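The first residue in the sequence is number 1, and the count goes up from there. Atoms within a ligand are numbered from 1 in the order they appear, just like the ligands themselves. Please read all numbers here as calculations on a predicted model, not as lab measurements.
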Amino acid sequence: MSTRMGNPRAGPGALTGALVGVLLTAPLVGIFYLGWKVGGLPFVPFDVFESVTRRLPGPVVTRGIEALVAAIRRLELGSTDVAAKYAEQLMAIAGVLLAGAVAGLVFFAVRRGRGAPGGRGGVLLGAAAGVLATLIIWDLDGASGTTAFAHMLWILALWMSWGAALDWAHRRLEAGRETATAGSGSKLPGPEVPAPDESGQAQGWVEPLDRRRFLIRLGSAAAAITVSGAVVGMLADPRRGRLASSGRRWSEDNPLPNTGAALQPAPGTRPEFTPLDDHYRIDINLLPPVIKEEDWALEVRGLVDRPTRLTLADLRDNFRPMHQFVTLACISNEIGGDLISTTRWTGVSVRRLLPHLRLRPEATHLKITSADGFFEIVSLDTINGDERVMLTYAWDGVPLPTRHGFPLRIYIPDRYGMKQPKWITSIEAIDNWEAGYWVIRGWDREARMEATAVIDTVALDSTARTVDGRTLVPVGGIAHAGARGISKVEVRVDDGEWREAQVRTPLSGTTWVLWRYDWPFVEGPHRFTVRCYDGSGRPQVTQPSPPHPDGATGLHSMRAGR
Ligand SMILES: Nc1nc2c(c(=O)[nH]1)N[C@H]1C(S)=C(S)[C@@H](COP(=O)(O)O)O[C@H]1N2
Ligand SMILES: [Mo]
C-alpha cells in the first residue's frame, strides 16, 4: 500500500471512512443505551448479538463457548459465568462498532470511486441498517402492536441520523479537499483508489491539519455523547442496585439439615450451601428476561382437555410446597470448574400437579418453553417416575432471583442444567419426543450428570493434627454424581496408593458431598488426585473428555506442598 498517488480528486479515503464510521457508531451505541435504560427501548447491540448467536449452527456456538470458557480459565478472569457474560456483552458492542467501521469504510470508498460529491447515500445506508436491525431482532424483542412500532421508529430514526451524520462528515471532509484543490483540473472518476493517506498531506490539503482537526473534533463530540449516554443511562437504570429477590433467606434462620454431621470439612473447602448471590448463572441471554409477577401466568396447552393459565399464587397456595437441596451443574462445566452450585429449591412436584392439568391420553411429553425462547422436553415417564421433578418458584426461601428464572423454573434430578428451563412461560402437552434447545445444537439428549470429584484445598497452613508423631494435613473438596449419590471418594498422592477419604453426610441425596482426607505430611511438592464412586458403587469415568457433548469426565488433581 505504498503507492500514494495523492489523487487530488479522490476525496477522503476508505480508512478515514472507517474511522468516521466508528466515531459515529460509538455515540449511536451510547444513545441506544440511554434509550434502553431510560425508556425501555431495545438496546440494538445486545439484541442483535443474541439474535445472531441463536441462529448460528450448534457446532459454531459450542466451539465459541468452549473457546471463551477456556480463555477465561486460562487468563484467570474470575468466575467463569460472570466473565463470560461480560465478554459476550463486550463482543456485542464491539461487533456493532466494527459494523460501523465497515459501513464507513465502504461508504467512503464508494463515494470516492464515484467522485460525485454530496447526496443522501448515508441516510439510505442508515435506513437500511435500521431495517436490518429491526428484522434481526424482530422475534426477540417480544414487543407487539404500538410498542413494536415505536421500537422500530426509534431504531430507524437513530440509524438514519447516523447516516445523515455520515453524509455530513463526508461532505465536510470533501469540502476541505475541494478548497484545497479548487481549479486543479478535470474530474476524474478514479475507480482505482490509492491507499488513503491518514496524514492528509498527500491529498493536497492546503492546511494538512484541517482534516485531522475535523476528525479530532468529531472524536471529541463522539466521546462526549457516548460517555453522557452511558453515564446518564447507568444513573437512570431503575433496576440498578435493586435485588430482584429480596426478603429473608431461609438459610439465615435455619440450620442446614446435616448440621450434626460428624465430619468437619477441611479448611478451604467451598461452602456446602452456596450463598444465593454466588450461585453460578448460565443462559443464552446477555441480560436475563425481567418478568413481573402480575404480568405472568403459566400457560398450559396442547393435548389437554381445556387450556388453562396458572398464576404464581395458584402454584404457591394450592399445592403443598416441596423443598429440596439441589446441586445444579452446567454441562459446560470442566473438571474442577465453577459452574456448579447448591441451594434449597422450593416448588410443586409436577407429578402432583399433573392430574390438575387434565392431559389427554395421547400425551407423552411436556414441552416447556421459556420467555427467552429456550425450551426443553420432559417425558411423562420421567415425571411419573420421580416426584422430585419440580416446578420451582423459590430458592433459599425467597422468590427466584431474576437471573435464576423468576418466576418459575423446573428441576429435573440427575440432569445437567441444559435440560431445566428457567423463566418458564408455557407447558405444552405433546405426543412425541422433541429435541430441546441445546440438543438441537448438538448436545447430549439425556444430559445425565457425570460423577466427578474435585479437590478444593490442601490445607497446608491449617493447624494440622498430629497422630503418632506424624502431621496430618487436611485435603478436601466435593464429589458429585447428580441424584445418584456418592458411595466412596479416594485420594492419591503422587503415584502412591489410592486412599479412602471420609465423606460428610450431604445436605440431601441430590447434592454434592464434601469429603476430607487427612494426609500424612511429607515434605516437598506433590500432586494430589481424587476419584469417586457413585451411590451404586460405579466408579467415575477417569478417561478425560471435554464437556461437549455429554459432560466432562476425567480426574481432578492439584499440585501442592512445601
Ligand atoms: N430459559 C432458559 N433456561 C435455562 C437456560 C437458558 O439459557 N434459558 N440455560 C440452562 C442452562 S445451560 C443451565 S446450566 C441452567 C443454569 O441455571 P442457573 O443460571 O440458575 O444456575 O439453566 C438452564 N435453563
Ligand atoms: Mo448449562
Side-chain angles (χ1 to χ4, degrees), residues 49-51 53-54 58 61-62 64-66 68-69 79-85 88 140 142 244-245 274-291 296 298 326-334 337-347 367-378 390-396 398-427 436-450 480 482 511-512 546-552:
F49 184 86
E50 284 182 351
S51 215
T53 48
R54 281 174 208 191
V61 180
T62 296
I65 294 172
E66 274 169 3
L68 195 61
V69 170
S79 63
T80 313
D81 54 349
V82 177
K85 283 295 171 222
E88 285 165 10
L140 198 80
S245 199
T274 312
L276 193 54
D277 301 317
D278 296 346
H279 198 289
Y280 87 88
R281 170 202 164 195
I282 288 289
D283 49 67
I284 58 175
N285 312 286
L286 285 175
L287 301 155
V290 178
I291 299 176
W296 179 91
L298 174 67
V326 169
T327 295
L328 185 68
C330 179
I331 197 164
S332 289
N333 196 34
E334 296 182 30
D338 56 8
L339 303 179
I340 181 166
S341 308
T342 300
T343 192
R344 180 178 183 261
W345 297 46
T346 300
K367 177 173 181 175
I368 299 174
T369 304
S370 304
D372 57 352
F374 187 89
F375 60 95
E376 252 302 335
I377 286 75
V378 196
M390 179 174 84
L391 284 172
T392 304
Y393 48 74
W395 265 16
D396 195 9
V398 292
L400 285 173
T402 298
R403 53 202 211 112
H404 294 297
F406 184 87
L408 196 67
R409 67 184 298 165
I410 194 166
Y411 170 55
I412 306 168
D414 219 36
R415 310 300 180 107
Y416 283 112
M418 62 167 265
K419 303 297 286 182
Q420 315 193 27
K422 311 188 264 189
W423 307 292
I424 296 174
T425 51
S426 75
I427 292 182
Y437 185 93
W438 283 117
V439 177
I440 290 174
R441 288 162 178 79
W443 292 81
D444 191 66
R445 58 181 277 182
E446 299 301 328
R448 216 166 268 288
M449 286 171 164
E450 296 282 351
H480 182 236
T511 66
W512 54 30
H548 188 263
D550 54 4

Under a 4.0 angstrom heavy-atom cut-off, which atoms of ligand 1 come close to Ile284? 6 (C), 7 (O)
Is ligand 1 under 4.0 Å from a heavy atom in the side chain of Tyr416, in the backbone, in both, or in neither? neither
Location of contacts on His279 toward ligand 1, heavy atoms closer than 4.0 Å: side chain
Numbering the atoms of ligand 1 from 1, which are under 4.0 Å from a heavy atom of Trp395? 20 (O)
State plainly whether the residues Arg281 and Asp81 are in salt-bridge range, i.e. N to O under 4.0 Å. no
Using a 4.0 Å heavy-atom threshold (strictly under), name the region of Cys330 that reaches ligand 1: side chain, backbone, both or neither. both
Taking the cut-offs as 6.0 angstrom to the six-membered ring centre and 45 degrees off its axis, would you call Arg441 and Tyr437 a cation-pi pair? yes
Does the pair Asp283/Lys85 count as a salt bridge with the N-to-O cut at 4.0 Å? yes
Closest non-hydrogen atoms of Ser332 and Trp443, given as atom of the first, atom of the second and distance, are OG-CH2, 3.8 Å
Sub-3.5 Å N/O-N/O distance, Arg409 and ligand 1: yes
Suppose I only count heavy atoms of Ser370 and a 4.0 Å limit; which atoms of ligand 1 are within that range? 1 (N)
Between Leu328 and ligand 1, which residue portion shows a heavy-atom distance shorter than 4.0 Å: side chain, backbone, both, or neither? side chain
Would you indicate which of Thr369, Asp283, Asp372 comes nearest to atom 8 (N) of ligand 1 when only heavy atoms are counted? Asp372
Which of the numbered atoms in ligand 1 are below 4.0 angstrom from a heavy atom of His404? 18 (P), 19 (O), 20 (O), 21 (O)
Show which atoms of ligand 1 fall inside a sub-4.0 Å distance from at least one heavy-atom site of Trp423. 1 (N), 2 (C), 8 (N)
Ligand 1 contact by Pro421, heavy-atom criterion under 4.0 angstrom: yes
